[in-house]
Amino acid sequence: MDADRLREVHRLATLTRAVDERLWALSRQGRAGFVLTGRGHELAQIATAMSLRVGVDSAWLYYRDLGVALTMGVTPHEVFLGALGKADDPHSGGRQLTAHFSSRALRIGSVSSEVAGHLPHAVGAAYAHRVLGDGGVAVCWFGDGAASEGATHEAMNFAGVHRLPVVFVCENNGLAISVPLSLQMAAPVAARAAGYGMPGLTVDGTDVDRVWAAASDAMDRARAGEGPTLLEVGVPRMLAHSSQDDESYRTDEERAALVAADPLVALRRRLVDEGVLSQDDVDAEIASTAESVRDDAHRALDAPDPTPDRLHRWLYA
Amino acid sequence: MDADRLREVHRLATLTRAVDERLWALSRQGRAGFVLTGRGHELAQIATAMSLRVGVDSAWLYYRDLGVALTMGVTPHEVFLGALGKADDPHSGGRQLTAHFSSRALRIGSVSSEVAGHLPHAVGAAYAHRVLGDGGVAVCWFGDGAASEGATHEAMNFAGVHRLPVVFVCENNGLAISVPLSLQMAAPVAARAAGYGMPGLTVDGTDVDRVWAAASDAMDRARAGEGPTLLEVGVPRMLAHSSQDDESYRTDEERAALVAADPLVALRRRLVDEGVLSQDDVDAEIASTAESVRDDAHRALDAPDPTPDRLHRWLYA
Amino acid sequence: MTDCNMVEAIRLALLEEMDRDATVVLLGEDVGRKGGVFKASEGLLDRFGAGRVVDTPISEIAIAGVAIGAAMMGLRPVAEFQFADYLHPAYDQLVSQAATMRWRSVGTWGVPVVFRAPFGAVNGGGVYHSQSPEAPYCHTPGLKVVAPSTPRDAHGLLKAAIRDDDPVVFFEHKRNYRTLREDVGGNDDVLRLGTARVDRNGDDVAVITYAGGVHLAREAADAVSSRDGIGVEILDLRTLAPLDHEAIARTVTKTGRALVLHEANRTMGVGAEVAAFVAEELFAELDAPVVRVGAADVHLTYNAVEQAAALPSVDGVAGAIRRLAHY
Amino acid sequence: MTDCNMVEAIRLALLEEMDRDATVVLLGEDVGRKGGVFKASEGLLDRFGAGRVVDTPISEIAIAGVAIGAAMMGLRPVAEFQFADYLHPAYDQLVSQAATMRWRSVGTWGVPVVFRAPFGAVNGGGVYHSQSPEAPYCHTPGLKVVAPSTPRDAHGLLKAAIRDDDPVVFFEHKRNYRTLREDVGGNDDVLRLGTARVDRNGDDVAVITYAGGVHLAREAADAVSSRDGIGVEILDLRTLAPLDHEAIARTVTKTGRALVLHEANRTMGVGAEVAAFVAEELFAELDAPVVRVGAADVHLTYNAVEQAAALPSVDGVAGAIRRLAHY
Ligand SMILES: Cc1ncc(C[n+]2csc(CCOP(=O)(O)OP(=O)(O)O)c2C)c(N)n1
Ligand SMILES: Cc1ncc(C[n+]2csc(CCOP(=O)(O)OP(=O)(O)O)c2C)c(N)n1
Ligand SMILES: [Mg+2]
Ligand SMILES: [Mg+2]
């Protein structure tokens with residue numbers, strides 16, 4: 001990645017982190033009901049999302065993909081409107097949990113809380129991109145836990161058979177809530193790819209350059225009609241699964257080690273070392289982001305709640 | 001395989017073929033309603049079934065596994081009772097289609113018409129074999145078409161994670177009714193195994209020695225606690241999918257070529273060549289089998305139909 | 001004017017809609033080279049090509065889910081489930097995904113998919129080729145459910161379903177595929193979803209039914225009218241969700257006696273909803289209790305004896321009509 | 001005597017049955033190390049080991065299907081679905097496999113599995129953590145369906161379900177997990193499946209309900225009895241399949257006025273079956289139409305406003321009781 005891109009990654013990661021922190025604060029205050037964020041996943045999310053063309057390619061996110069959404073152009077204010085269940089949330093009108101995005105302009109399919117439910121949709125979108133000739137590639141993010149679902153298999157197999165333009169990004173954080181990888185699968189997720197006739201790669205998800213390169217290659221392959229790719233990125237899950245999770249299955253030491261190894265902190269260290277940003281740049285970015293995000297949250301707190309009269313709205317066309 | 005085993009394979013294959021032919025005759029006469037048989041699959045079915053210990057290992061068949069059932073000890077008479085929907089059919093009492101076996105004594109789980117529905121059961125049985133310490137191995141047969149189902153993925157993944165004693169046998173005949181392999185998958189079925197951390201092999205399913213060796217190895221691994229194996233056997237589907245299939249998607253030439261390459265005929269040629277059997281032995285076996293099978297069918301035709309009073313029976317314990 | 005049996009009517013509707021609208025695509029097991037196990041898509045692969053007629057792997061989750069995703073991106077897929085029994089593996093995609101999509105995205109994403117599902121008992125089908133699984137889809141807000149009984153309705157309703165912007169589960173009774181021929185009209189004969197049809201007028205007893213039940217009702221009505229002089233009105237619901245409550249109210253108000261009939265097993269079938277609606281909203285109109293007739297609460301068999309014993313019969317329906325008439 | 005809330009009662013039942021019978025095993029997502037997301041299996045991994053308490057991958061087909069196969073080979077698995085909403089991916093295994101197994105093998109193979117499913121609306125759960133999907137399982141011959149409302153019933157019915165030789169789908173309302181404590185009895189307090197319980201006696205109006213509905217009914221009954229002097233009888237169905245028709249008949253015969261209440265959406269819910277049964281079999285006993293109250297036919301939301309508007313409320317139920325009493 002060149003310096004401009006790296007600065008952009010830093011800006012987006014700082015933004016994602018600020019929104020993430022604010023969401024947890026809102027949850028602790030009892031204002032946001034159910035919060036899930038991707039702390040530790042951000043760099044992988046941002047680097048993969050930067051490889052797609054917003055509005056042309058379609059994006060199929062899962063609930064942890066705050067970083068993908070902010071990279072694609074979802075605003076923090078929208079995120080807060082959703083987290084607070086507000087009527088003006090353009091993604092679900094407060095009907096769905098935090099970070100359940102949906103946007104026609106950005107071509108983000110509606111996120112569902114259901115693990116792996118969206119993988120077949122991404123493949124269907126890729127099929128539509130081909131039939132309609134709209135040049136789109138479908139990019140689909142999901143967790144290691146989702147890899148065990150039947151839906152994932154059927155989706156990948158279908159994509160492989162038809163060599164569809166789809167990129168599968170597995171954010172492998174080693175946990176499905178409390179269940180460790182060893183109880184989820186007996187081989188890396190990427191090892192599945194061969195069975196679907198597609199390339200499978202495992203990449204360190206805290207290494208933005210490698211993620212970016214791998215994602216860009218996969219997008220190029222898809223655009224060139226060479227079919228799907230399965231990209232597995234290894235990432236840490238720095239926090240509890242969600243605001244409802246007591247994390248009883250991890251020790252304090254394990255959690256402290258994750259915080260100490262925060263990929264965003266490591267990125268900042270590197271960017272300063274390499275002279276891409278000065279420490280002052282970094283500090284200023286953090287400060288100004290915190291302020292704007294605080295504003296965004298405040299405005300959202302004041303926004304109106306939904307009204308019961310819309311109960312039946314949008315059930316049918 | 002030694003000569004005794006080869007003679008046993010021949011006996012069973014001749015029996016399976018005779019029952020198969022009689023079933024189609026009953027179907028043409030309008031007496032059996034829905035007939036599916038495994039013509040072309042027999043040798044693979046018999047050689048795999050011979051590797052299990054009847055009554056110890058559990059067997060999870062699909063509808064095409066007539067050869068497996070006869071090898072395990074299901075009688076032709078029972079097959080006909082089922083095909084004719086008779087009350088005395090011990091497998092389903094005439095409730096299920098032809099060759100939908102079920103036997104506690106033989107540890108054959110109930111076959112369902114549903115593709116891949118039984119794979120998770122086989123894995124559950126393997127789990128029970130381990131918990132109960134009954135020494136059993138679960139052996140599970142299915143078609144190439146079944147490999148695309150989500151149930152298959154979830155079952156294999158679960159087996160891989162827990163290194164369960166289960167042998168998966170995929171009878172790949174290149175067709176799911178009319179859908180050719182190229183529209184079903186982009187890689188061999190056995191290529192999936194790596195993704196589940198188990199060995200995967202592709203073997204010519206008309207070569208009894210190789211199938212027997214591969215199946216025996218897989219059984220040994222399972223018994224030794226080394227986990228599951230995926231064994232893919234390539235076989236021809238010599239007939240239509242079922243008695244309801246017009247086979248409009250295959251040409252007469254394709255079908256003629258399949259008949260010409262009949263693996264049972266080839267086996268006989270080889271056994272005579274190698275002196276394992278004389279041509280007279282073969283002819284005698286065919287003739288006596290035809291006669292006994294005809295008898296079995298006749299007795300079944302005379303058996304009583306179910307009566308309506310048992311309508312609610314066996315719905316609950 | 002085209003004379004068709006029901007499966008031909010369905011094929012014609014598919015063909016006309018695919019001709020009319022290049023975004024209509026077809027996917028399912030054996031729909032291409034074989035033209036469908038019931039031949040509902042015969043010749044369509046040749047006509048429209050492998051881009052628009054897709055022989056899928058045996059993977060019902062993908063069939064449903066790919067159709068949903070493709071619909072969101074601008075296609076209007078018709079997804080064929082080879083037998084309605086095989087909707088089950090895709091249940092989640094229908095009830096938790098297709099049904100919620102527009103609602104949960106506050107109108108952003110629609111799912112104009114038709115899930116076609118041949119259903120109902122035929123001889124020798126057994127428990128995996130005989131089921132009538134329509135009830136749970138009628139319980140699912142966001143889905144529409146259609147079950148025609150005649151070639152003309154099948155044609156006009158399938159066209160309507162394809163043009164509809166919401167997900168429609170379309171049940172076709174296999175036993176009716178080739179039993180009856182009629183003029184199905186032309187390209188513009190698109191019916192309206194959500195409207196029942198009075199199949200036969202009568203003053204004494206209303207039989208409210210759909211799909212295979214309509215034909216059973218006709219036979220039973222013939223029997224009781226000739227032998228007992230009872231005038232039976234048959235209401236063919238055609239769309240099961242949303243129900244045409246006005247039409248139900250009209251026929252019950254007219255007759256004061258109602259029988260709800262379907263082939264699905266009785267407990268918790270669509271008949272329960274219709275009967276409950278009638279009992280609650282039309283209590284004062286009823287001269288007799290609303291009666292339900294459905295299959296016994298068992299599974300269907302390969303052998304003909306048990307299957308016949310489980311299914312509603314002409315005699316059984318006629319008997320129930322008589323008892324209602326003389327209540 | 002053990003004082004428990006409902007989730008503790010469930011854990012106790014699991015523990016007691018696993019202690020009693022080494023073939024009882026537990027599997028599901030997060031049931032081991034985490035003790036279940038609702039803590040229903042807390043400590044059981046330590047006590048019984050990883051052989052009998054299995055943290056599964058996220059694969060509901062396997063959870064159900066592995067349980068079925070294991071049951072056929074001699075275990076008595078309890079399969080936990082983290083939320084009832086996630087029964088859907090396993091729907092086929094429940095309705096086409098578990099439900100048909102004994103029947104299709106003429107008694108050879110039984111499936112003694114309990115499919116546990118926390119269901120119902122809680123605050124902020126949204127459409128994937130709030131569903132009440134019990135209806136279709138009640139439509140499926142071969143399954144039993146249980147939905148307790150109190151700690152004592154949960155304990156005694158779960159034990160019964162585990163000991164039952166047939167597949168049981170066991171719905172636990174999440175909102176009731178920690179709201180009420182009571183003595184749940186001891187190891188031998190095993191209840192009988194298929195029996196309803198009169199939760200409260202009354203002469204004027206019967207409320208027939210289950211699970212969360214019982215608590216709503218109690219509040220509504222309090223309101224109408226103190227303010228309007230209406231005597232409400234509450235019948236807690238407890239088992240939804242098979243229904244306890246005798247108990248329903250008793251309460252309807254006694255009161256002549258019946259309201260069926262549940263949290264599932266109204267159309268095609270269990271209420272339809274109960275209402276249809278009452279309307280058909282107890283027509284002569286009714287002084288008023290049988291009324292159904294259920295959620296609106298929409299999905300449930302994360303935001304509290306729409307959720308509250310969709311769900312049945314105390315006021316709504318009380319109003320319906322009053323209208324019935326004065327019909
Ligand atoms: C079909 C389904 N089953 C179960 C759940 C409950 N659940 C929610 S998140 C989760 C873990 C997901 O793990 P993973 O896919 O690795 O994503 P992560 O949260 O680790 O990013 C589970 C089991 C669900 N949402 N959907
Ligand atoms: C879940 C499910 N979907 C669809 C079908 C309809 N069907 C019956 S057999 C079959 C083809 C099976 O192909 P394969 O698994 O390769 O077995 P083969 O018949 O070739 O031996 C199909 C699609 C089914 N039985 N079950
Ligand atoms: Mg994870
Ligand atoms: Mg095949």
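In the text below, chain A, chain B and the rest are named by the order of the sequence lines, each starting its count at 1.
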Name the region of L300(C), side chain, backbone, both or neither, that has any atom closer than 4.5 Å to a heavy atom of chain D. backbone
For the backbone of H139(D) and the side chain of N265(C), can you confirm whether one donor and one acceptor N or O come within less than 3.5 Å of each other? yes
All heavy atoms of W103(C) vs all of V127(D), minimum pair found to be CZ3-CB, 4.2 Å
For Y327(C), is it the side chain, the backbone, both or neither that has a heavy atom under 4.5 Å from a heavy atom of chain D? side chain
Y91(C) and Y91(D) aromatic ring geometry - parallel, tilted or perpendicular at 30°/60° bounds: parallel
Minimal heavy-atom distance between E280(D) and V290(C), with the atoms involved, is CB-O, 3.4 Å
Can you check whether Q97(C) reaches H88(D) side chain to side chain, under 4.5 Å on heavy atoms? no
Closest non-hydrogen contact found for D92(C) with D85(D) is OD1-O, 4.3 Å
Distance-minimising heavy-atom pair for H299(D) and A99(C): NE2-O, 3.1 Å
Taking side chain as everything from C-beta outward and backbone as N, CA, C, O, which of these in R104(C) sits under 4.5 Å from a heavy atom of chain D? Side chain, backbone, both or neither. side chain
What option among E281(D), R266(D), Q93(D) has the most heavy-atom pairs under 4.5 Å with chain C? R266(D)
What part of L286(C) is in contact with chain D, defined as an atom under 4.5 angstrom from a non-hydrogen atom: side chain, backbone, both or neither? both
With a 4.5 Å cut-off on side-chain heavy atoms, are E134(D) and M268(C) touching? no
Below 4.5 Å, heavy-atom pairs only: which of A90(D), A135(D), G126(D), P133(D) has the largest tally toward chain C? A135(D)
Report the option among P136(D), A275(D), P89(D), G271(D) that has the most heavy-atom pairs separated by less than 4.5 Å from atoms of chain C. P89(D)
For Q131(C), is it the side chain, the backbone, both or neither that has a heavy atom under 4.5 Å from a heavy atom of chain D? side chain
Mind listing the closest non-hydrogen atom pair of A279(C) and P289(D) along with its distance? O-CB, 3.4 Å
Between A288(D) and chain C, which part of the residue has a heavy atom less than 4.5 Å away: side chain, backbone, both or neither? backbone
Counting only non-hydrogen atoms closer than 4.5 Å, does V291(D) touch chain C with its backbone (N, CA, C, O), its side chain (CB onward), both, or neither? both
For S96(D) and Y128(C), the nearest pair of non-hydrogen atoms, with its separation, is O-OH, 2.7 Å
Below 4.5 Å from any heavy atom of chain D, which atoms of A241(C) appear? Answer side chain, backbone, both or neither. neither
